[in-house]
Asks: 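Below are the structure tokens for one structure; questions will follow.
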Amino acid sequence: EFEAETNLRCHLALDCSASMDFGKPVSKLEYAKKLCATLGYIYLGQGDAVGLHILKDKKSKIIPVKRNPAQVQEILQVLGPLKPTGKTTLTQGLHEIAESSKRRGLIIVISDFFEELSPLLNSITHLRDRKHEVILFQLLDLQELEFTFDRPTRFIDLEGEGSIITEPTLIKEQYLKRLDEHSSAINDHCLECDATFLQVPTNQSVSEILNALSLNRRSQGT
């Protein structure tokens with residue numbers, strides 16, 4: 001009973017939609033898998049319970065929260081063969097986690113958060129209303145962050161069937177403005193509801209990101 005009250009219950013929620021396939025030399029999903037595995041290893045190593053939610057377009061996969069050290073191996077076995085497919089179900093998945101997780105825990109969400117803004121913010125609020133601590137890692141490739149395209153390019157919707165050929169210099173300013181507005185809106189909402197938002201360039205090492213998380217949590221007194 002003492003352990004049940006004092007140890008953390010961590011839910012790792014991983015977005016496996018098709019947009020996570022983007023990135024070079026490492027895709028956002030491959031980076032996310034490494035980050036997810038590292039977090040699971042750390043929390044299990046300090047005696048916390050960890051579960052995994054794979055959020056996919058057709059059927060999400062769940063590894064229930066456990067404190068067993070063997071949980072690391074089970075998480076790795078699930079993460080290893082994962083491929084990004086289909087449209088995002090992130091918002092729906094977060095609502096399901098909020099409803100199914102009866103006891104207070106830490107919800108770590110790893111995604112690019114290319115979602116309709118209002119439903120996404122509502123799902124974050126739902127998790128906080130259930131008294132969960134919430135940490136969001138927004139993974140973005142450097143090309144997405146800086147829009148480093150310099151010649152006519154075909155841009156393909158990885159979660160749909162559309163594509164467009166355009167001159168990047170004509171849309172770069174507007175694209176970067178929209179991306180900043182989207183990410184800033186998520187960050188502002190997290191500040192309002194006492195959640196944590198970290199934007200993660202996938203050219204940074206996982207250790208750098210975890211150090212940033214640690215500093216952020218210490219500054220918040222958590």
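Counting from 1, the numbers follow the sequence of the chain as shown.
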Asks: Ignoring hydrogens and angles, state whether a donor on the side chain of Ser183 or Gln138 is under 3.5 Å from an acceptor on the partner side chain.
Replies: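 Short answer, yes.
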
Asks: Report yes if the side chains of Leu52 and Lys61 come closer than 4.5 Å at any heavy-atom pair, otherwise no.
Replies: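 A side-chain contact under 4.5 Å is absent here.
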
Asks: Decide salt bridge (charged side-chain N to carboxylate O under 4.0 Å, His left out) for Arg128 and Glu133; before the verdict, give the C-alpha distance in whole Å, the side-chain angles of both, and the deciding distance to 0.1 Å.
Replies: CA-CA 7 Å; Arg128 290 295 296 133; Glu133 182 181 355; over 6 Å; no

Asks: For Ser27 and Asp21, which I'm curious about, is there any donor-acceptor pair between the side chains at under 3.5 Å?
Replies: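 Per modelled atom types, Ser27 and Asp21 side chains form no pair under 3.5 Å.
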
Asks: Hey, does Asn187 have a side-chain heavy atom less than 4.5 Å from the side chain of Leu136?
Replies: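 Of all side-chain heavy-atom pairs linking Asn187 with Leu136, none is under 4.5 Å.
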
Asks: Between Tyr31 (side chain only) and Gln204 (backbone N and O only), is there a donor and an acceptor less than 3.5 Å apart?
Replies: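 Yes, because the side chain of Tyr31 sits within donor-acceptor range (under 3.5 Å) of the backbone of Gln204.
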
Asks: For the pair Ser101 (side chain) and Ala98 (backbone), establish whether a donor and an acceptor sit closer than 3.5 Å, ignoring hydrogens and angles.
Replies: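 Looks like no, no N/O pair under 3.5 Å.
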
Asks: Hey, is the main chain of Leu176 close enough, under 3.5 Å, to the side chain of Asp180 for a donor-acceptor pair?
Replies: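 Flag not set: sc Asp180 to bb Leu176 has no pair under 3.5 Å.
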
Asks: Stepwise, does the side-chain contact (heavy atoms from CB on, under 4.5 Å) test hold for Ile108 with Cys10?
Replies: CA-CA 7 Å; Ile108 297 179; Cys10 175; 3.9 Å; yes

Asks: Is there a side-chain contact between Phe137 and Gln199 (heavy atoms, below 4.5 Å)?
Replies: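 Not touching, per the 4.5 Å side-chain cut-off.
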
Asks: Going by heavy atoms in the side chains, are Leu127 and Ile124 under 4.5 Å from each other?
Replies: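 No, side chains not in contact.
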
Asks: Using only atom types and a distance under 3.5 Å, with no angle test, would you say the side chain of Arg67 pairs donor to acceptor with the backbone of Gly47?
Replies: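 Present.
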
Asks: Nearest heavy-atom pair of Glu144 and Tyr175: which atoms, and what distance?
Replies: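 What the structure gives for the nearest pair is O-OH, 2.7 Å.
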
Asks: Is it true that Glu115 and His182 share a donor-acceptor pair across their side chains at a distance under 3.5 Å?
Replies: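 No, because no side-chain N or O of His182 sits under 3.5 Å from a partner of the opposite role on Glu115.
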
Asks: Grab the two heavy atoms, one from Ala185 and one from Leu121, that are nearest each other, plus how far apart they are.
Replies: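 The answer is O-CD2, 4.3 Å.
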
Asks: How long is the span from the CG atom in Leu90 to the NE2 atom in His95, to the nearest 0.5 Å?
Replies: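 Answer for the CG-NE2 pair, Leu90 versus His95, is 9.5 Å.
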
Asks: Could you tell me if the side chain of Glu30 sits less than 4.5 Å from the side chain of Met20, heavy atoms only?
Replies: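 SC-SC contact between Met20 and Glu30 ruled out.
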
Asks: For His132 and Arg103, work out which heavy atoms get closest and say how close.
Replies: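 The answer is CE1-O, 3.2 Å.
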
Asks: Between the side chain of Tyr41 and the main-chain N/O of Cys36, is any donor-acceptor distance below 3.5 Å?
Replies: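 Side chain of Tyr41 to backbone of Cys36: no pair is present.
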
Asks: Measure the shortest side-chain to side-chain distance between Leu12 and His53 over non-hydrogen atoms and say whether it is less than 4.5 angstrom.
Replies: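 Result no, sub-4.5 Å side-chain heavy-atom pair not found.
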
Asks: Can you tell me if Thr89 and Gln92 form a side-chain donor-acceptor pair at under 3.5 Å?
Replies: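 Side-chain D/A pair, Thr89 to Gln92: absent.
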
Asks: How close do Leu145 and Pro201 get, heavy atom to heavy atom, and via which atoms?
Replies: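 In terms of heavy atoms, the two residues are closest at CD1-CB, 3.7 Å.
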
Asks: Could you pull out the closest heavy-atom pair between Asp141 and Thr202, with the gap in Å?
Replies: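 In this case the closest contact between Asp141 and Thr202 is CA-OG1, 3.5 Å.
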
Asks: Within a radius of less than 6.0 Å around CD of Glu181, do more than 12 heavy atoms belonging to other residues, nucleotides or ligands occur?
Replies: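 Count over threshold, so yes.
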
Asks: Is there a donor-acceptor pair closer than 3.5 Å between any side-chain N or O of Lys66 and the backbone N or O of Val50?
Replies: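 Looks like no, no N/O pair under 3.5 Å.
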
Asks: Does the side chain of Leu139 reach to within under 4.5 Å of the side chain of Asp15, using non-hydrogen atoms?
Replies: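 The answer is no, as the side chains (C-beta and beyond) never meet within the 4.5 Å cut-off.
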
Asks: Check the pair Lys177 / Glu173 against salt bridge (charged side-chain N to carboxylate O under 4.0 Å, His left out), numbers first and verdict last.
Replies: CA-CA 6 Å; Lys177 180 175 181 291; Glu173 182 178 351; over 6 Å; no

Asks: Is there a donor-acceptor contact under 3.5 Å from the side chain of Lys33 to the main chain of Gly80?
Replies: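 Side chain of Lys33 to backbone of Gly80: a pair is present.
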
Asks: Side chains of Leu14 and Leu55, heavy atoms from C-beta outward: is any pair under 4.5 Å?
Replies: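 Leu14 vs Leu55: side chains apart.
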
Asks: Considering all heavy atoms of both residues, which atom of Ile135 and which atom of Leu106 are nearest to each other, and what is their separation?
Replies: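 Smallest interatomic distance, heavy atoms only, reads CD1-CD1, 3.7 Å.
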
